[in-house]
Amino acid sequence: MINGTVVDLSRTQFAATALYHYLFVPLTLGLSFLLAAMETVYVTTGKPIYKDMARFWGKLFMINFALGVATGLTMEFQFGTNWSFYSSFVGDIFGAPLAIEGLMAFFMESTFVGLMVFGWDRLSRGQHLAVTWLVALGSNLSALWILIANSFMQDPSGAAFNPVTMRMELTSFQELIFNSDAQSKFVHTSIAGYVTAAIFVAGVSAWYMLRNRHMELAKRSFRMAALYGVLATVGVITLGDALGFVAAHAQPTKLAAMEGQWKSEPAPMPFNLIAFPDQARQENHYAIQVPALLSLLVTHSLDGTVPGIDALQRRAALRVENGIPAVEALKVLSKDPANAAALAGFNAHRQDLGYGFLAQRYEADPGKATAGEIAQAARDSIPPVASVFWAFRLMVGLGLLMLAFFVLALLYTLPNVVHRKTWFLKVAVWMIPVPFLANEFGWLTAELGRQPWTVYGVLPTWMSASTHSVAYMAFSLIGFVALYTAFISVEMYLMMRAVRQGPEENWRIES
Amino acid sequence: MNPYAMLQVTWWLLLGVLLIGLAVMVGMDMGVGTILRYVGRSDIERRVALNIIGPHWDGNQVWFILGGGAIFAAFPLIYATAFSGFYVVMLLLLWTMIVRPLGFEYRSKIPSSAWRNAWDWSLLVSGAVPMIVFGAAFGNLFHGVPFHFEWNLTSVYTGSFLGLLNPFAILCGLLSLALSVMMGGLTVMNGAEGPMHGRARTVVQVGAAAAVVLFAAGGAWVHAIPGFSIVSGPGAGVAQTPLRQLVEAVPGAWQGNFSARPSLWLLPAIGFAGMAGALLAARAGRSHLGWWFGALAWIGVIGTAGAALFPFLLPSSEDPSMSLTVWNSSSSQLTLTWMLVMAVVFVPLVLWYTSWAFYVMRGKVRAERVAHDEHAY
Amino acid sequence: MKTFAFFVLYMLLAVVVILLAVLLGADGAWYFAWLVGTAMIVLIAAAGAAMLDAQEEQAAGRVAGKPEPRT
């Protein structure tokens, strides 16, 4: 039996390393295409200012990219080191997109990024432009395969449990990659990266304009970022809606937690704008509601409904009871794969195997589970509502803030007067942290909302972790946090230093 | 052989190709990091050495990431069991490897010599430690690793961290370090001129000579290590768990494959020939030829280890019957098929554009250029 | 005041675009949409920069002979 503290520490470590990693990734996703845009203008118009821009933002890109690569190394191996049972249980499906990510995308991104930095003098303009586009394409294809893998955890389609090998196995590669959660989540995440880069470039450009430095570069960068950002923000919001729509079908408990919906209600359901959910009493202490909005948002109609947590928990209790015989049959099959009675018993209950595992947390032999333990297992099937509810609202709130910012940015940059709007430039500098926060809240919404599962409805988190000792986990968690914190301090220092130094104005004369 | 068994063997071979790619491509960058402080005496010399691999280290490192991903996709039980069992070793590997990208990217961004010196040391550690860990991990496979499975295939590692640092494993770790130093030296020779070229030549000769000795010693030592042998089990190409077989420890079993197929002796011969060729080519100043000999040496060494262990991937010293083999730890037939399709399409593509990148950046790295290029490492 | 009016107008426009996209794309071919959308966003950003060049040249032309102050 796995120690609960070890599971909690493993989760903390995964969340910490993923959240650190995810500070750097979105900027890479978005800035790479923005670099491609700048270089495209350079190659088509031949104006050297755009080459300066591509090189300057490229330098900041690389400072960020190095940490994205470094922290990404951990992610590739952490499933094996800390989520051993998870890895063997779903590796047949989950490992494939990870390997394809390396083969198809990360190789492309990493090989060409070297040429992008070192190849200015060795490649023709057209070749270098192609290289930059390939870096951008490669980094976003990386995100594609990672999110296909992640979507399998949210909505495990294209796979089935095989009692002979005692694990989940792939049944349809097409279903895996065209999973509707994967489709909308990839686009949502990729263009959230564009928004991040747009705010970053706009903010740094505003900082220059405030000081009347590098005006040509700053005005052009700001203009490009504003256009790129406003379109991307509109896209992110659209895809966010699509994701909610998908989750309403595939992950009803996540959706109920995001909306703080404790009770099932008749249509049209009101939307909790602000509420203070209480997990123990299963109610909101206080709520400001907008009538009918929830039905509109998640079902795109006025007469649609989604189940509340009360109904979902009742459904979970039934599934736990139904899943327990599946676990017991599996135990028999583990010793004697030829046992026909056990196989028949397993097949009769197999769709609720995961829920049987939820009960196993309290009773190693789940056949002995009491009514109280089954009720507890059903309660476990509900994610931590307050955290998910607020992470989601913060993400959406920051997203709307960015939309307003970009609309205003467009109003000022299109007539080319933004450099005179000092107050707005100051706001732009202060906007820089906003997308990074929104990205982290998005990650928290998606992954906390998935609890208590690592693979929704199939494999509970408590079973997934490796069987390490508490001492090992404390050691590694402290090590990662210390190391990453040191790195991020160095990175921020170098980034600010490079921004203060500004673009190299004379490099063309030197070389 | 049924189609599933053929896929399993194909993926075992492909895994070998990926590991060789990892050893050659990452190994040479690691080697440059390890010898950086020796071949580069001044700051500008060290910058020259770093800029020789500057355009390529990032792409090369993907061999490492792909290695992890491919083990996950093709042999998930190995990924799950080995990486969690080797926990502290994996942390050592990850923590040192994480420092490396920053060493390349951040070292020369600030002129302070204390700053640069600190990064030079970190590049040494992050070059040497991972290579020792790679080799030691391979060495431990010959002894077997203490782990077992529960009824639902939860893997439990019962050994300690220090148990993984046994003498044979350390010898394998040193062999891997020697080969990487040799390749690092050849890489510096390819891109540097003058005194650095000469120092790198010395490094290659020391590395290659050490590799010859260590490879021979390791080969002799393996005779004293009891091998593992499958007594009974479902066999190749049959869906199964590792709870279904009987495995015994048998003295001399690691020589079994070589006795059955004497042509396998070609593999260690290729290893020795590669090392000797690299040494002689470096002496003659023909470092590009030497580099290819070095790659051949890696093929020989990894091929020899793989051929000795086959079909074992991760033997269990605690309960040999729970040992992981190519047959009981691979992915399903459908996953292996799709992954093979991907590999057939993308591995040649990767090799093609990687070669193009090396072609574009060919030639010597000159100190004046490095000093004047703000984007250089 | 004029700026505020335009701000409200553009925000409304953004909301309308989002609503339209939501209704049209309830079960969208999002991978394809990403491909087309990304190309479009990048090209529009590039066009915006080219437009800025034109604007500045025009402004410089109006102040006869005097180029924009360069930094």
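No experiment lies behind these values; they were computed from the predicted model shown. All chains are named by letter (A, B, ...) in the order of the sequence lines, taking the proteins before the strands, and each is independently numbered beginning at 1.
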If I measure from the heavy atoms of chain B, does A:Phe480 come under 4.5 Å with its side chain, its backbone, both, or neither?
both
Can you check side-chain hydrogen bond (donor to acceptor under 3.5 Å, both in side chains) on B:Tyr157 and A:Thr467, steps first, answer last?
CA-CA 8 Å; B:Tyr157 179 77; A:Thr467 52; over 6 Å; no
Could you check which of A:Met104, A:Met108, A:Gln501 has the highest count of heavy-atom pairs closer than 4.5 Å to chain B?
A:Met104
Could you look at B:Met339 and say if it's the side chain, the backbone, both or neither that has a heavy atom under 4.5 Å from chain A?
side chain
Contacting region of A:Val164 [heavy-atom separation from chain B under 4.5 Å]:
both
Let me know if A:Phe475 has heavy atoms under 4.5 Å from chain B in its side chain, its backbone, both or neither.
both
Geometric class of the A:Phe107/B:Trp63 ring pair [parallel <30°, tilted 30-60°, perpendicular >60°]
perpendicular
Contact origin within B:Phe161 toward chain A - heavy atom pairs under 4.5 Å
both
A:Glu76 side chain to B:Gly69 backbone, donor-acceptor under 3.5 Å:
yes
Part of B:Gln61 within contact of chain A (heavy atom distance under 4.5 Å)
side chain
Quick one: what part of B:Ile98 sits under 4.5 Å from any heavy atom of chain A, side chain, backbone, both or neither?
both
Winner by heavy-atom pair count (cut-off under 4.5 Å) against chain A, out of B:Phe104, B:Tyr377, B:Tyr353
B:Tyr353
Would you mind checking which part of B:Glu105 comes under 4.5 Å of any heavy atom in chain A, side chain (CB onward), backbone (N, CA, C, O), both or neither?
side chain
Heavy-atom proximity to chain A below 4.5 Å, by part of B:Val156
both
Main-chain N/O of B:Ala80 paired to A:Ser84 side chain as donor or acceptor, under 3.5 Å:
yes
